[in-house]
Amino acid sequence: MPELPEVETVRRGLDKLVLGCTIADVAFDWPKGFPNSQADVDRFMLGATITSVRRRAKVLIIELDTDYSLVIHLKMTGQLVFIGSKSNGSRFGAGHPSDSLINSLPDKSTRVTITFSNESKLFFNDQRKFGWMKLLPTVAVADLSFFQKVGPEPLDDSLTADMFAKRFQRRQKTSIKAALLDQTVIAGIGNIYADESLWAARIHPNTRVADVTSDQLNTLFDELRLVLNTAINKGGSTNKNYVNAEGKKGSYMNFAKVFRREGQPCTRCQNSIDKIRVAGRGTHICSNCQALPT
DNA sequence: CACTTGACCTGTCCGC
DNA sequence: TGCGGACAGGTCAAGT
């Protein structure tokens, strides 16, 4: 699922819904995705209060007042869905009481259920089981190998176009799309926003990084940030499974220019959008707007 | 090191 | 309808 805009949307939802909540119970049976022992959970989660919800790249960090944190990666199909509970026992969704998720969770994809002292619940669902959640000492979170290697946040105010361009210097021989998807170059970009930003910057995804001009990299920097900010404003993209912390879908797919629009006209030139394969991933382009250098 | 490919899972869709 | 294969928002480990 989730790329930076989706994870950020979930983070904002959790920040609103579970900050200050106290954990009363944790139900889990998923050693591969949640490897902590019952003893760890008893000692560092039960009775703990959530003090902050942060995001780095596509990873969520839920900090507890026990100096432990839950570190969560949703990978392709992970969801974190909050469902409240009224004092009379009836359930309500955070924003949309009619949402079908309210009465269907937990379901067969539910891997972890956290119950808070006010009886509301947070479900970690993951159909494909690629996602994970780890309970770690907060001071150890930064030592995770992923955080040691991950590149800068594309929306960080301090990131300049020059700094952005420099990140690509050690990936000269690969395609620009493979480099964009490489989390050690820039954090948070996945298949949807790689395709969308390359279309906006009129760069063919198969262009070798060495053949991307500095003007094109400058344009890509601007367009990438525009695409990501727009996607956050639309609540992210729901291609299939993604929902936010309230169980709601994102609407960015209605505004996408190429992603999953194969066969439809390019909004700039009316040429039919193509789907090709680049860096082992399905890739959407306008072959008229996005020419390969000759 | 840089680069590519397959593996990890479950579900769905498409062609025969 | 059934069945096999390809494919799906992301990382990793292993190979060259």
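Reminder, nothing fancy here: chain letters follow the sequence lines and each chain counts from 1. Computed from a prediction, not measured in an experiment: that's the story for all the values here.
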Exercise. Would you please classify the geometry between the H284(A) ring and the F259(A) ring as parallel, tilted or perpendicular, with 30° and 60° separating the classes?
Key: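 Rings of F259(A) and H284(A): tilted, as their planes differ by 30° to 60°.
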Quiz item: For the residue pair W132(A) and H73(A), does the interplanar ring angle fall in the parallel (under 30°), tilted (30 to 60°) or perpendicular (over 60°) class?
Solution: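 The arrangement is tilted - the two ring planes meet at 30° to 60°.
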Phosphate-side-chain proximity, [X] and [N], N/O vs OP1/OP2 below 4.0 Å:
{"X": "T77(A)", "N": "dC9(B)", "value": "no"}
{"X": "K32(A)", "N": "dA7(B)", "value": "no"}
{"X": "K129(A)", "N": "dT10(B)", "value": "yes"}
{"X": "R128(A)", "N": "dA8(C)", "value": "no"}
{"X": "R171(A)", "N": "dC1(B)", "value": "no"}
{"X": "K240(A)", "N": "dC7(C)", "value": "no"}
{"X": "Q183(A)", "N": "dT11(C)", "value": "yes"}
{"X": "H73(A)", "N": "dG10(C)", "value": "no"}
{"X": "K75(A)", "N": "dT11(C)", "value": "no"}
{"X": "R170(A)", "N": "dA2(B)", "value": "yes"}

In whole angstroms, how far is the [atom2] atom of [N] from the [atom1] atom of [X]?
{"X": "R111(A)", "N": "dC9(B)", "atom1": "CZ", "atom2": "P", "answer": "11 Å"}
{"X": "H284(A)", "N": "dC7(C)", "atom1": "NE2", "atom2": "P", "answer": "12 Å"}
{"X": "L181(A)", "N": "dT11(C)", "atom1": "CG", "atom2": "P", "answer": "9 Å"}
{"X": "D126(A)", "N": "dC8(B)", "atom1": "CG", "atom2": "C1'", "answer": "11 Å"}
{"X": "R260(A)", "N": "dA8(C)", "atom1": "CZ", "atom2": "P", "answer": "10 Å"}
{"X": "W30(A)", "N": "dC8(B)", "atom1": "CH2", "atom2": "P", "answer": "16 Å"}
{"X": "K173(A)", "N": "dA2(B)", "atom1": "NZ", "atom2": "P", "answer": "11 Å"}
{"X": "K275(A)", "N": "dC13(B)", "atom1": "NZ", "atom2": "P", "answer": "14 Å"}

Self-check item: Y242(A) ring over dG9(C) six-membered base ring, under 5.5 Å and 30°
Solution: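 It does not: the ring fails the test against the base of dG9(C).
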Quiz item: By centroid distance (under 5.5 Å) and plane angle (under 30°), are F146(A) and dT11(C) in a stacked arrangement?
Solution: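 Given the distance and angle limits, no, they do not stack.
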Quiz prompt | Under the ring-ring contact (aromatic ring centres under 6.0 Å, His included) test, residues paired with F221(A) that sit two or more places apart | solution =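 Partners of F221(A) by the ring-ring contact (aromatic ring centres under 6.0 Å, His included) criterion, ordered by chain and then number, come out as F164(A).
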Counting any heavy atom closer than 4.0 Å, what does [X] reach on the DNA or RNA strands: base, sugar-phosphate only, or nothing?
{"X": "S109(A)", "result": "nothing"}
{"X": "G280(A)", "result": "nothing"}
{"X": "G282(A)", "result": "sugar-phosphate"}
{"X": "R277(A)", "result": "sugar-phosphate"}
{"X": "N191(A)", "result": "sugar-phosphate"}
{"X": "K149(A)", "result": "nothing"}
{"X": "F259(A)", "result": "sugar-phosphate"}

Exercise. Can you tell me which stems DNA chain C forms, taking runs of 3 or more consecutive Watson-Crick or G-U pairs with both distances under 3.5 Å?
Key: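 Paired runs of 3+ in DNA chain C: B:2-8 with C:10-16, B:10-16 with C:2-8.
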Distance, [atom1] atom - from [M] to [N], rounded to whole angstrom:
{"N": "dG6(B)", "M": "dA6(C)", "atom1": "C1'", "result": "15 Å"}
{"N": "dG9(C)", "M": "dC14(B)", "atom1": "P", "result": "16 Å"}
{"N": "dG11(B)", "M": "dC12(C)", "atom1": "C1'", "result": "23 Å"}

Main-chain N/O of [Y] paired to [X] side chain as donor or acceptor, under 3.5 Å:
{"X": "R167(A)", "Y": "D162(A)", "answer": "no"}
{"X": "K58(A)", "Y": "I189(A)", "answer": "yes"}
{"X": "Q79(A)", "Y": "Y242(A)", "answer": "no"}

Quiz item: What pair of heavy atoms forms the shortest contact from L181(A) to G190(A), and how long is it?
Solution: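 Shortest heavy-atom separation between L181(A) and G190(A) comes out as CD2-C, 3.3 Å.
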Quiz prompt | Exercise: identify the closest heavy-atom pair between R268(A) and C289(A) | solution =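 Smallest interatomic distance, heavy atoms only, reads NH2-CB, 3.1 Å.
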Quiz prompt | Nucleotide nearest N239(A) when distance is taken to its side chain, options dA8(C), dG11(B), dT4(B) | solution =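 Out of dA8(C), dG11(B), dT4(B), the nucleotide with an atom closest to N239(A)'s side chain is dA8(C).
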Quiz item: Going by distance alone, is a donor N or O of one side chain under 3.5 Å from an acceptor N or O of the other, for D156(A) and S158(A)?
Solution: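 The criterion, which ignores hydrogens and geometry beyond distance, is satisfied for S158(A) and D156(A).
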Quiz item: Do T77(A) and D126(A) meet the criterion of a side-chain donor-acceptor pair at a distance under 3.5 Å?
Solution: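 Yes, side-chain donor-acceptor contact under 3.5 Å.
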